[in-house]
Every structure is written in structure tokens, then in C-alpha cells.
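Convention: sequence-line order gives letters A, B, ...; per-chain numbering from 1. Given the structure is predicted, the values throughout are model-derived calculations rather than measurements.
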Amino acid sequence: MDKTFNPSQIEQACYQHWESKGMFSPSGHGEPYCILLPPPNVTGSLHMGHAFQHTIMDALIRYRRMKGDNTLWQCGTDHAGIATQMVVERQLNAQGKTRHDLGRDKFVERIWEWKEESGGNITQQMRRLGASADWNREVFTMDDNLSEAVREVFVQLYDEGLIYRGKRLVNWDPVLLTAVSDLEVVNDEEDGHMWYMRYPLSDGSASLTVATTRPETMLGDTAVAVHPDDERYQDFIGKTITLPLTGREIPIIADDYVDPEFGTGCVKITPAHDFNDYDMGKRHDLPMINILDDEARINQNAPAEYQGLDRFDARDKIVKDLEAAGILVETKPHKLKVPRGDRTGVIIEPYLTNQWYVAVESLAKPAIAAVESGEIKFVPENWSKTYYQWMNNIQDWCISRQLWWGHRIPAWFDEDGKEYVGKSEAEIRTKYGLADNVALKQDEDVLDTWFSSALWPFATMGWPENTKELDTFLPSSVLVTGFDIIFFWVARMIMMTKKFTGKIPFKEIYITGLVRDENGDKMSKSKGNVLDPIDVIDGIGLDALIEKRTTGMMQPKLAAKVTKQTKQQFPNGIDAYGTDALRFNFAAMASTSRDINFDMSRVEGYRNFCNKIWNATRFVLMNTEDFDTGNKGGELAFSPFDRWIWSRFERTVAQFEAHVADYRFDLAANTLYEFTWNQFCDWYLELSKPVVNSDATSEAQKRGTRYTLINVLEQLMRVMHPFMPFITDEIWKKIKPLSANTTQVPSIMLDRFVSFEASMLDESAEQEIEWVKSFVVGIRNIRGEMDIAPSKRLPVLLNNLNDVDRQRLENTQQYLTMLAKLESIEILEKTDEAPACATALVGEMEIMIPMAGLIDKEAELARLKKAADKLVAEVQRTEGKLNNQNFVGKAPAQVIDKEKAKLADAQMQLSKIQEQQAAIAKL
RNA sequence: GCGCCUAUAGCUCAGUUGGUUAGAGCGCUACCUUGACAUGGUAGAGGUCCCCUGUUCGAGUCAGGGUAGGCGCACCA
């Protein structure tokens, strides 16, 4: 084996081995355990959030697979309507063309080509992460069977009256030229203005001043509203206003939506361009005058001089014209929430169009109940509140998109515009009894991407066919996803799955944090702080990283800043840390926190951890490969250390499993790290050396230790495998033949998880080894603080031993000598006169190192003082507690006894140290 | 406005039902090429647990109030 672990040499071959041998498919026996992959964008690439979530999903799947479950990680990709269409449009734009130049069919063909070209990208990247998803069952949301499910659902919902078409205000993206859902609009506060305009009454008697943040919409005003109880305006209600610029006569109406305190208490009403005004318009039966076209230019409904102007140009002109006419009273700076499309960043227009909607109320009820009853559990539980809050105020879902890429809406219109819904034109003709000569035209629109992903839990299992998979893997076990798509996806899956299968889609929802950079900033291209998980695995040079971060930026001027920042952050680029280190890092970061700050130095730490494991393996192999490990018989004599490490190992297994069951992967990872590094490597491997290297130990003892070395390591690899699949499989293949594991499976991933063996717990061995450790640490302590060279062998005197101390000393003397680098160990008898010594305590036993020639008197006094000070504080604290009648009277006896024992121990130690101080001071 | 979250070592984070001297990794200091590993070892320094009040024998932990930061939803003429 190489002296250092080199992940790049093993990972890809290892993965190919797994995949080519079909190890990712469900075994077909055991309890079903299924995870649905949140389908990533088919043409996208893997980002840190994916890597994080996929690590967790894979860890769970690998763990359950090794536990003997019938595991399915159902994977696939999403067609991502808007995102994908935008990418291909941008490619066309770069060639100076638009999608309209190609036409719909050619354009869609072009997207399919792009999907063929880049569609495998993200799944290849998932493979680099070690994801053991069942690629044989990989699906794409536009596959035939999924499209069939989409049509089936649409038609059923329509037939039940739960899908309807209506002309309503929607969020319109004037660049994408499509409606988008509420969730796809971000409302952020921006600086704007408030314009005050004086509208004259038609009778010329007076005027009303209205305030607006969007003066251009006045072209579509169809009323002015005041509060019905507002005394200032009682006389105006029912009169009319002659709208400036258009000359339209519009009524003054009363509606208690108006807040008399805000602005002037008079509101201009533009029902076709504002959601609140729309509602008011409906209440008062106002005309709805649309003044914009699809691209948000002023249309023919406005005076000629404004027609064709872009909305912002129109605003400027209108403000100027109103000012000139003396209608504009005042302009004030004003902060307002501006709705922008989350994809394009352009300002969204409320726009009156025909769209398809899902009436969600009846679907929401059972979906709410499923969480309320505990049938579906959120982890952490708090996220259920977010879910309820949205579900209890849920709005009908606008599912039509004016895009070309996606599932075409299965609705047809005849020449009179009458709608017919069915899975195909032929079906419709039968269903509605339409003659062949009736001309039908299919709706141009496609469905919201989330409509198909809402069907993911059952459509991927073959629905509407009644398949074995549906029966076995629905509901799935746990959904691992981010809180940002609880509404988009999670809630809608619950609604649709309940509706169409009567089952819940998943039993638990594990909500992960969002991966941010080490400063807690969201990773984004414009901030230039994005990291590609593959770069963390393979490493990347500084120049290449800068290149990657600065190409294709929306704002090229940011490139300089990003370059500087990247140089500062990664002056030498990024090292190749390997997949296992990255995965272990993600596991270790997966606490309950909602933000995960990605810290490269931690990945480095886990890369070092991999190297530690690698080298521990080298050591174990050196000592077992050409020796008898006792697997073929022969007496095994286990030392206290052997029994101790087994006991600790069993505890580790139990803790690990408990933490995984709680979805506390951070604690699970720490448990493994602690055991492996701080117990197995730091102590056990050291302790094994005297046994395997000494002529004084018997063959049986050597066998016992070799057996323990190889088998603890072999089992440890199995426990670690879900988190670190590559290194564990590589090592396992090397060590398994030497171990007691007789399995014939070709990879650790198909072997059984280690089962907790309570019989291996050994309290007395653990105590004995704790005694050894404090003995050794006591001496290292003196060495360290007294500046004694580590290589210097020390003579040690022991005093005040009890029977247990004597027994333990006898059991472990050879180890103590080696670990603490001792020259000799001598027990003082009561009658002996002790020389001047530096002292450490193990319980009541004193470990003494003669000072002569080694230790400076003043230094030792200083060291003792430090120890004594601590003990004095401790004695004072505990005495204070025990003298407090309230404490003694009210605290449980157990706690009081603990305090008493603590006090006694501190007093004992203190008196011994004080004796030492006195003795040394006399020198 | 409603709801949620966070605040612990220089940095990134754990800390379970309240109960030893509050922990880990990284970083820092000193020493060490010993034979698995310098991607290593040994020792060490480093904390007003955001603030206030309360409950309690006892609070990092519970309650109330505040401060700072973050997120979601709704509203904003």
C-alpha cells in the first residue's frame, strides 16, 4: 500500500465495479426502504447542495442496504421547463437567432438535442459522489410513461372540476412571455417613488389627490376608491372623475379595503394591472382595461401617443405630461416591494390572461391531515409549521406556462373556442361525441414543471398501471430535501399522491440546511463564491478556478472582484480531497442547523482522517498479513486492551446507529471519528505493538491481538462504509481475506452491517484501560511541562497502591513501559524514604518521577501550584454546595452523593499535592 | 403585521430529560523525524455560553423581556 491515501486512484474503478455488477438495484427481499431523489434539472450540473443531500441519501441507502432492507433509491431528472428553455434560447441568441425563427417544433427538437448532449452530465457527477442510485430505473419527467401519468392526472382533475380555465390576473414575465406562479416571484424592497396626482371631478367642482408608485397604470384606471366611512370624502362617493390623459369618466366608489390613514386616503383603481384592484374591480363590477401587451409595452387601449412605449418609457413620459398639465402634485422617494421573476430578474406584471388552474383546497385538506396526524413527519419537526402556514392559506395553482418545453396541456378547442379535455384528440372525439369534421386545435401551453414532479412518488413507480413497485415502494421511507422547495414540491407531492393513490408519498421528510460559503453567504455565480463539488474531489488550480468562476457572468465587471476574492480565498487553488473526505464533511455538517457553512479546512481535516485510516490499515496489514490471525483456529488470548477496544467498538456501533436513526449525521460522523482516531489509532494500535513485537508474549496472546486488529478494522470499515464508500471498500477488499468475515459478496456494500454485540461490552476492561491511560497521560504531562525529551527513558516510583492498582500494574506493566517510555517501575514500600519527585495521581496512587538531574525545583513547584489552585477552587465550590442547606435538602440524593465524592476526591488530591509542595519546598 | 430560526474558543460548529472543571475540528504556542501515518505525535494556551429579569438547591440548557442577525408568508395606493 502507498504511504499516503490517494483517492483518485481508486474511486472511479471502484464505482464502475459496483455499477457494472448491478449492486444498486433492490435486492428483492427484506423490508422495503425507498428514497426518492429530488430530480435535478436534466441539463444542470451538480452543486454543493446536491452533493450534500445526495451524500445523506446515499448514506441512508447504503446503511439500509447493509442492514438487509430491500432498498431502492429512485433517481431521475426533471425537464425544468423555464430553466432549460432559457438555456437553449440563450444559445440561439448567441447565434443571432430567436426561438421564433426556428418555430416550435424545431425549437423543441433543439432542446431534445441539448438534453442528449448535456443530460448525462449531472448523473455522471452523481456517480463521482458515489451515489448508489438504481440507474436502471432512472426516469426523466418527459419520458412517455411519465407524460402519460401527467395527462391522466390532468384529465381526471378536470373531469372532477378541480382543474379549470379562467381569465385572471397572473404574474406575467414579460421577457419569458409566460405566466409564473406566486412562488416564482420574489418581492424585495427597492427604492422607488410615490407620485401624487390630482384627479379632477367631472363636474369641475373639486379634485381628489391619489398616490401611486406606478403612474403609467393610470391609463387603465377605471375608478377611484375611498373608505366608506372617511368623512373627508362622503360627498364625493358616487360622483365621477375625468381621468387625465385619457379623458375617461370613472366613478368614485367606496370600499373598506382603502386605508384612510395611508397616503391621501384616495386610491386609483386599475383592475387589470394590480391584484388588489382586480379584487375590488370584481366587487364593484368595474371594467378591466388592459393597457399592456405581452412584452409590457403600452397597447392600443391607451391614447395613441403612448402606444408602443415600453412600460418604463411610458412612465417617464406620463410623469412629464402630468407635470406639464399641473396634475402632478408631488413626487416623494418611497421604498416599495418590487416583484421580480426569480429566473429573469425582470419586474413581473400582473397581467390579465387565460390560464389553467388547479383548485387546491380539497386536495390540501387530506394533505394537511396527513402531517397533523403524524402519518408524515417533518425532521426537524418545526418545518411542519411552515408547511401548515402555507397550506392553510393556499391559493389555486396556476399550472399553465406559455413555453414550448414541457408537457403540452391535454386540452383542445373547437372553432368557437369551446374547450375539450382528454388524453388525446381521438379520445376527445369519442368522449365528447365530436364528429371527425369538427376542427380541433390543441392548447398551445405547457404545464408548470412542478405539475409533473408532484406526481414523482407514484409516476416513477409505474402509475397509472398497478405495478409491483407501487405496492412495494409507496409510500417511500424518507424524503431528503431543502426547505426552499417545501411549497413548490413537497406539499404538492403530498396532495397529488394522496389524491391519486390514497397513500402518503413518504413517511418522513428530512429537511436539510442550505449550503453556504464559509462566511455564511449564499453561493451564487454573481457573488463568485460557487464551488463545484467535483473540484473539491479532484482539486483545481487557481487559474482554472478563476476562469470557471468568471466566465458567463451576467455582469462582467464583477469579474475583477471575483478574481481577487478567489485569489485570497484559495491562493493555491483547491487540493484534491477525494469523495470520501467531502462526504464525511457533509455528514459531519448535517446537524439541525438550517445553514451549513462549507469550510474547506474541515474537508482537509477529513482528508487527513482518510489518510489516518489508510495508514492504520497499513499497520494492521504489516502485523497480520504474514501471521496467524487466529481465523483458522488456534487459541486466542485476549489482553485487557483487546477486550477494551472491542467494548469501545460495540459502543461506537450502537451510538452510530442511534444517531443515524435520529438523522443526526453530524453526531454519527463524530462518533466514528472519535473512535477511529482517538481510541483505535491513538491507543489501541500503540498498545498492540508490545504484544505483537515482544518475545515475551505467547502465540495465543499474539493471535488474540492480531485477531482484534484485523477484525475491529474490518468491522469498522463496514460501519463507516455508508459515509465513506470508496476508501472502505478498497481497504475491505485488502483486509477481508485475513479477517473472520467469511462472506463471499464482491463488495463491502453488499455485506451485512455490523450488528451490535452486547456481550462484547466489558466494563472492567474499560476501567482498567482508563487507568492505564491516566497513568501514561500523567507521565506525559510531567514530561511535557517539564521539558523532558520524549526520547528520555524515565524511572518511575509508585506509592500508595491498593490491590486493584497492584493487579492492574501487573497486567499492564509492559504496556506502560512502552507507552510512557519508562526505564523502570518500582513500588515504594511504606518504610521507604522517597527521593524528591515530580508527582502525578491516578486515583490515590502516586506516580513519582525522581527529579534528580531532570526536573527543576522551581518549575515543579510552579506546576504543583497550578494543580493545587485548580483543586482549591474545586474544593471551595463543592464545599459551598454541600454547606448550602437548600441544596442538601432539595437536590436528589444521587446528585448529593456525586458532589460528596467529588469533594472527597479533590481534598485527597489536594492534600497529596500539598505534601509534595512541602517536600519540594524543603529541598 | 404573522410565523420560524440563529447568537457558545480567533474561525466553523456540537452540547440530549436542567446536575463534575462547557466540548470537537481547524487555527495558534512549544517540543519531537520513534519503526502505520509530518495529511503525523506529545504537551499547552484560549470562553462574561449576546444582554436583563425570573423559575429552581442548581440555568449554556427552562420562562418572560430586550439586542443583533437571518429566513418564510402576507401587505404596502
Side-chain angles (χ1 to χ4, degrees), chain A residues 1 3-5 182 187 189 194 210-214 217 224-225 257-259 262-270 274 276-277 334-337 380 382-383 385-386 388-390 393 483-484 486-487 514 518-520 575 577 581 588-589 591-602 604-623 662 664 666-667 670 673-674 678 681-682 685 689 693 777 780-785 787-791 821 870-871 873-874 877-878 881 884-892 894-896 898-899 901-902 905-906:
Chain A
M1 280 175 84
K3 200 173 164 183
T4 51
F5 172 54
D182 296 349
N187 291 287
E189 202 154 80
M194 181 80 91
V210 297
T212 183
T213 54
R214 303 195 54 198
T217 63
V224 168
Y257 159 77
V258 181
D259 176 5
F262 193 93
T264 60
C266 299
V267 194
K268 61 189 269 312
I269 304 299
T270 323
D274 180 283
N276 291 307
D277 293 6
H334 181 73
K335 279 205 193 306
L336 73 163
K337 291 273 176 76
N382 254 320
W383 288 109
K385 293 192 181 174
T386 305
Y388 293 138
Q389 198 190 332
W390 189 69
N393 298 296
F483 57 82
D484 48 335
I486 290 179
F487 307 144
L514 228 55
E518 73 274 22
N519 301 315
D575 266 1
Y577 295 113
M589 298 309 302
S591 65
T592 57
S593 171
R594 77 168 54 173
D595 296 309
I596 308 295
N597 293 357
F598 186 84
D599 187 353
M600 199 65 83
S601 67
R602 244 180 120 155
E604 187 178 352
Y606 294 124
R607 188 269 315 259
N608 296 351
F609 180 51
C610 289
N611 191 54
K612 191 76 180 175
I613 296 166
W614 188 256
N615 275 287
T617 304
R618 290 179 67 213
F619 174 81
V620 171
L621 282 174
M622 278 172 56
N623 288 289
D662 287 342
R664 285 301 304 268
D666 59 327
L667 299 179
N670 287 342
Y673 186 95
E674 210 280 335
N678 301 349
C681 292
D682 282 355
L685 294 189
K689 289 175 185 175
N693 294 331
V777 167
R780 283 181 184 164
N781 217 309
I782 294 171
R783 229 186 245 283
E785 292 194 43
D787 255 343
I788 301 171
S791 52
K821 280 255 177 199
K870 267 190 183 170
L871 287 164
E874 175 74 0
R877 216 181 354 258
T878 42
K881 264 190 177 177
N884 180 344
Q885 286 311 304
N886 278 327
F887 176 70
V888 181
K890 295 187 181 174
Q894 214 185 347
V895 173
I896 296 172
K898 234 175 173 178
E899 281 310 303
K902 199 164 54 171
D905 188 55

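For A:Arg607, no side-chain nitrogen or oxygen approaches OP1 or OP2 of B:rC26 to under 4.0 Å. Residue A:Asn187 places none of its side-chain N or O atoms closer than 4.0 Å to OP1 or OP2 of B:rA74. Look at A:Lys612 and you'll find a side-chain N or O under 4.0 angstrom from OP1 or OP2 of B:rG41. Between A:Ser591 and B:rA14 there is a side-chain N or O to OP1 or OP2 distance below 4.0 Å. Contact between the side-chain N/O atoms of A:Asn597 and the OP1/OP2 oxygens of B:rC13 is found at a separation under 4.0 Å. In this structure, A:Asn608 reaches the B:rG40 phosphate: one of its side-chain N or O atoms is under 4.0 Å from OP1 or OP2. Within the 4.0 Å cut-off from OP1 or OP2 of B:rG44, at least one side-chain nitrogen or oxygen of A:Asn781 is found. A sub-4.0 Å separation between OP1 or OP2 of B:rC2 and a side-chain N or O of A:Lys385 is absent.
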Tabulate protein N/O versus nucleotide N/O from nucleotides 68-70 of chain B, keeping only pairs under 3.5 Å, one per line.
{"residue": "B:rG70", "atom": "N2", "partner": "A:Arg594", "partner atom": "NH1", "Å": "3.4"}

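Using the Watson-Crick or G-U wobble rule with both distances under 3.5 Å, B:rC50 pairs with B:rG66. Within the shown strands, B:rG25 is the pairing partner of B:rC11 under the Watson-Crick or G-U definition, both distances less than 3.5 Å.
Here the two rings, on A:Tyr606 and A:Tyr673, have centers that are under 6.0 Å apart.
Residue contacts shown for A:Asn670 are absent, as no nucleic acid heavy atom lies under 4.0 Å away.
Ranking B:rC73, B:rU12, B:rU42 by closeness to the A:Asp599 side chain, first place goes to B:rU12.
Taking atom NZ on A:Lys689 and atom P on B:rU34, their separation rounds to 13 Å, with Å as the unit.
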